[in-house]
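To start, the structure under review is shown below, and the notes come after it.
First the proteins, then the strands, lettered A, B, ... as listed; each starts at 1.
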Amino acid sequence: MQAMPETADQSKRPDKDVRPLTGNEAIARGAWEAGVRVAAAYPGTPSTEIMESLAAYPAEDLHAQWSTNEKVALDVAIGASFAGSRALASMKHVGLNVAADAFMSQAYIGVNGGLVLAVCDDPGIHSSQNEQDSRIYGQFATVPVLEPSDAQEALDLTRLAFDLSEQFDTMVIVRGTTRLSHTRSPVAIGPRSEHPSRGFVENPAKNVMIPAHARRRHTAVIEREAKLKQYLETATINRWETGDASFGVITAGTCYPYVREVLPNASVLKLGASWPLPEGLLRRYCESVERVFVVEELEPVIEKELRALGIKVEGKQFFPREGEFSPEILRAGFEKAGVLEPRAKRASWALEPLARPPVLCAGCPHTSSFMAVRASGARVAGDIGCYTLACLDPLRGLDTTVSMGSSIGNAIGMAMAGDTKPVMATIGDSTFLHAGIPSLINAVYNQANITVLLLDNHITAMTGGQEHPGTGKTLRGGDAPKVDYEALVRAIGVTWVRTVDSYDLAQMYQTLREAIAHRGVSVIISNRPCVLDPMKIKGPALAIVNEQCNACQSCMNLGCPALTWGDDTFEGRHKVKIDQSMCIGCTLCAQVCTVDCIKPAAPMTTTTVTQ
Amino acid sequence: MNRPNASGSSIESEQLRPIAAAAKAREPMNVLIVGVGGQGVIMVSKALASLAQSKGFEVKQSEVHGMAKRGGTVFSHVRFGPQVWSPTIPKGEADILVALEWAEGLRWLAYLKPDTGIFICDTKRIVPPFACLNRRPGSPLRYSRETPAEVKAHVAEGYAIDATHMAEELGNERVGNVVLIGALSTALDFSAEDWEKSLAQFVPKKTIAVNLDAFRLGRNWIAEARTNPAKIESPATKTAAPAHVPYSVRLEITAEWCKSCDICVKLCPERCLRLNEERIAELAQPEKCTGCRLCELLCPDFAIKVHLDSPKQGVAA
């Protein structure tokens, strides 16, 4: 084992209160310490816990809210900044696409109260539809991007981001990744510093983006970028860690710990901001070493900039442009580059790993909805939520998924293009409120012949159970008005609307058939709460009467995780058994059983609900 | 670099084997904890991380949320030492792999240090719906077939422990993960008292007693497994696949009785039926048909009969 790198001292604040925090908790703490007054977000993995953590701080300190979508969240934060208070919006990478319109124009306006945008990317696509690199948004809008490498930096850089925002009159992005968001490490925390409101500053030339104003603001934005570059030439958030001069590594954010893991003694330039880049510092660093490697996840943002400066660097030929980095990937890249000695490869035991994709929960109301969808024979435009999992066997119930709210628009296009099957859109309650309403209005306006299945499970389920305008609760748990979907849909102009209990399979089948038969826009609201949130639902379990089971496996069509093969067979096919601890007694399997052999495991009692 | 009370030497203590040999000097101790959503993987890693931190180590604990609740794979990397860089454990560098489910343990085996890694695995099998999709008679369950004995032969030190069953005997199947914490505790140089203190912070107050019992049960089980390995051999998990009888499927469809209701077409699990031009059901993709009889059972007019023909015996079953 080689000696420790001398500059890496993580116990700089021995006198402070040190707590284990995740990156998300640290961003929230940093914002709170910086005196944030208004914070808004739409949930999205891996960013969700930022706003949940902020809601744990006193309501007197800040207002925190779930907004209906990321654009609304950013607009709320921008509004608070206009009003002179420090404000934060948080979202996942694809959420910034939704907010991009406001984001790009706000970049021209700048701030009054400090404005910070926490964006969490998902390299490796653990729970997203793509792995776009948000740093490019910083470059696109000429907005600085700070990149923490661990939870301590997440706190420190978030605090700093508010100061920089006010100092340079710009929104500041704090960019994390899944690994930062969900890694817990020790963080020295501090007190909150209050920043009284600066009050609204009336300045139409800066705040009202009409062409005449915007042209002048664009000049200001370019000047601002130069000032930021000047600041970053000497800022301490960039760390030059000296080492062997034969090669050096330029890196930022969550790649830095991987670099240190495999190259404990190397010369490293760790950038605290991945946009904009300080030219002088980069040139001086690159001259100090013989070879320069750029290590960055996803797109070659820093590498391209260095090449544009005419500096010879190596990077993406050794380190992939897709997926999440790991010490192994960095080691392989540095071995290929001839910097590290190849390690002896050891033959490992070749095991075929078990396929265990995520599935809909036992008793999930989406299961029956998609049994009915599947039997309807429709072409199905899907959307984003737990129900996207219904694309897998055995439900195989949806044909497309693009982005939040796309299903209804996609269905209109399919119908207009003349798909031979009846066309259906399936969309969850939270997704419908997020981005489904404009496209449903569009369907009515353009008289599309489609069926919309609104899967109302009373929660934002996929991200772990967050409240939304349809749940009647706010982020902090207070009461709120509740969206009445049926009234909303009728007000848009839909004449055919029905609400169905998801657990009544026959009713679901029948209603879907009638909805498809209706010419024009028909809307079905399937209504049953999520079995996990806001409370875990567990009713009395069902069991198979083994002697009666004919192994038709009709119930296996549900893909319910409580159903697996039993030990016995019939005609060589496996009979089915029910895992009593998982079964919640939703009765869907009993409803599809061809020989009526699924019965309550114990004599019926009333359903129990446990928190 | 050392924290005041983080002494690297303390984790090299002699008395409790295996104290993963590689945890010497300044390298961090790497513990990988894996399982299936809902089993309590994160609780195990939090209890360990909190304990290590209270002893003055730098700790990083990294996991990926999102799909975890939905029956998917869950894993948590815990690294602690005087200095920890990467939040994830590089492949082949885990000192200890704790698995709460059998096939999940096998999935992550390659992360163990080949010469010194310790494998502690519950023999509990959580079979996913994906493993049971084939309706053909005699089709095997798509679940890992390796036995504990085979796995033990491939790791430096392995323990297959029926922790879930032990937890059930304590009267609370949910404390299986704590039985495994008990087993894990023997491989790290923290005192039992410290472990119990850490555990108490992470379990509901009402269940502290049963959790402490589970912890001690796991700890004692390992002690016994070391002194008398043969006695604690867990039952083999290899199950023989049912004998496969070759057969071909023939659908006898009585066109006069079919009223084109479409039920068989829409509910066929393999989607191999269709309505022909006369709107009569027919088998469009015979190679996909498994002979599951669902269409025969669902047809309201008894228009479909499924024959499973075996070349030797004529008609089977």
Side-chain angles (χ1 to χ4, degrees), chain A residues 1 4 8-11 20 45-46 126-127 150 178-179 182-186 257-258 260-261 326-328 331 346 348-349 351 353-361 374-377 386 389 393-394 464 532 550 552-554 556-557 559-561 563-565 569 571-574 581 594-595, chain B residues 1 3 25-27 36-37 49-50 53 58-67 69-73 83-88 90-92 103 106-107 109-110 114 127-133 135 137-138 141-144 146 154 173 242 245 262 266-267 269 292-294 297-298 308 317:
Chain A
M1 180 68 187
M4 284 290 139
D9 185 357
Q10 305 219 352
S11 50
T45 313
H126 296 285
S127 187
D150 63 14
T178 304
R179 197 54 66 186
H182 294 165
T183 295
R184 196 177 290 277
S185 57
Y258 301 135
R260 274 284 166 242
E261 179 81 24
S326 63
E328 300 93 299
R331 170 165 284 282
R346 296 179 61 137
S348 57
W349 192 18
L351 283 171
L354 174 74
R356 196 191 294 278
V359 292
L360 295 172
C361 303
R374 193 198 122 139
S376 72
C386 290
L389 298 173
D393 269 322
L532 287 181
N550 62 354
C552 74
Q553 296 186 20
S554 174
M556 297 298 285
N557 275 347
C560 173
L563 298 173
T564 49
W565 288 345
T569 58
E571 289 185 343
R573 296 186 306 274
H574 298 269
S581 65
T594 56
V595 289
Chain B
M1 279 315 303
R3 291 281 177 74
R26 291 169 171 280
E27 278 193 29
V36 176
S50 154
Q53 201 198 339
E58 177 171 340
V59 184
K60 282 189 178 170
Q61 177 211 338
S62 187
E63 63 239 6
V64 167
H65 309 205
M67 300 294 190
K69 270 186 180 174
R70 275 145 279 270
T73 290
Q83 173 108 59
V84 180
W85 286 116
S86 167
T88 55
K91 213 171 199 175
L106 302 190
R107 184 192 307 283
L109 265 186
V127 178
F130 249 56
C132 312
L133 282 186
R135 288 172 163 80
L141 186 72
R142 285 197 290 172
Y143 187 87
S144 310
E146 290 76 17
H154 276 90
E173 59 174 8
V245 187
D262 226 11
K266 284 171 172 167
L267 289 177
C292 73
R293 290 195 197 278
L294 197 54
L297 292 161
L298 291 173
L308 304 179

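By the 4.5 Å heavy-atom criterion applied to side chains, B/Arg142 and A/Leu354 are not counted as neighbours. A heavy-atom distance below 4.5 Å is not found between the side chains of B/Pro129 and A/Leu563. When side chains are defined from C-beta on, A/Trp565 does not count as touching B/Val127, because their heavy atoms never get closer than 4.5 Å. Annotation: side chain of B/Ser144 is not in contact with side chain of A/Leu351 (no heavy-atom distance under 4.5 Å). Counting heavy atoms from C-beta on, the side chains of B/Arg293 and A/Asn550 never come closer than 4.5 Å. By the 4.5 Å heavy-atom criterion applied to side chains, B/Pro269 and A/Gln553 are not counted as neighbours. The shortest side-chain heavy-atom distance between B/Leu294 and A/Asn557 falls under the 4.5 Å cut-off. A/Pro186 has its side chain within reach of B/Gln53: a pair of non-hydrogen atoms, C-beta onward, lies under 4.5 Å apart.
Residues B/Ser86 and A/Pro327 approach most closely at OG-CG, 3.2 Å, considering heavy atoms.
For chain A, the nearby parts of B/Leu133 are the backbone and the side chain; heavy atoms of each come within less than 4.5 Å. For B/Phe130, the part lying near chain A is the side chain, with the backbone staying farther off; criterion is any non-hydrogen pair under 4.5 Å. Neither the backbone nor the side chain of A/Pro46 comes within less than 4.5 Å of any heavy atom of chain B. Heavy atoms closer than 4.5 Å to chain A are found in the backbone of B/Val59, but not in its side chain.
If you tally non-hydrogen atom pairs under 4.5 Å between each of B/Lys91, B/Arg107, B/Arg135, B/Glu173 and chain A, the highest count goes to B/Arg135. Interface summary for chain B: among A/Ser185, A/Ser581, A/Cys552, A/Gly559, the most heavy-atom pairs under 4.5 angstrom belong to A/Cys552. Put simply, of A/Arg356, A/Arg331, A/Glu261, the one with the most heavy-atom pairs under 4.5 Å next to chain B is A/Arg356. Counting heavy-atom pairs under 4.5 Å between each of B/Ala103, B/Pro114, B/Ala110 and chain A puts B/Pro114 at the top.
In this structure, the separation between NZ on B/Lys60 and CZ on A/Arg179 is 11.5 Å, given to the nearest 0.5 Å. A distance of 6.0 Å separates CH2 of B/Trp85 from CZ of A/Arg260, quoted to the nearest 0.5 Å. To the nearest 0.5 Å, the span separating OG1 on A/Thr564 from OH on B/Tyr143 amounts to 11.0 Å.
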If you apply the rule side chain to side chain contact (heavy atoms under 4.5 Å, CB included), what do you find for B/Cys132 with A/Met556, and how did you get there? CA-CA 8 Å; B/Cys132 312; A/Met556 297 298 285; 3.3 Å; yes
Given side chain to side chain contact (heavy atoms under 4.5 Å, CB included), test B/Leu308 with A/Glu571 step by step and report yes or no. CA-CA 9 Å; B/Leu308 304 179; A/Glu571 289 185 343; 4.1 Å; yes
Before you tell me yes or no, could you show the steps for A/Thr594 and B/Leu298 under side chain to side chain contact (heavy atoms under 4.5 Å, CB included), namely the whole-Å CA-CA distance, both residues' side-chain angles and the distance that decides it to 0.1 Å? CA-CA 7 Å; A/Thr594 56; B/Leu298 291 173; 3.8 Å; yes
Begin from the C-alpha positions of B/Cys292 and A/Arg573 and carry the test side chain to side chain contact (heavy atoms under 4.5 Å, CB included) through to its verdict. CA-CA 8 Å; B/Cys292 73; A/Arg573 296 186 306 274; 4.2 Å; yes
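A/Glu328 places no side-chain N or O within 3.5 Å of a backbone atom of B/Pro90 that could act as its donor or acceptor partner.
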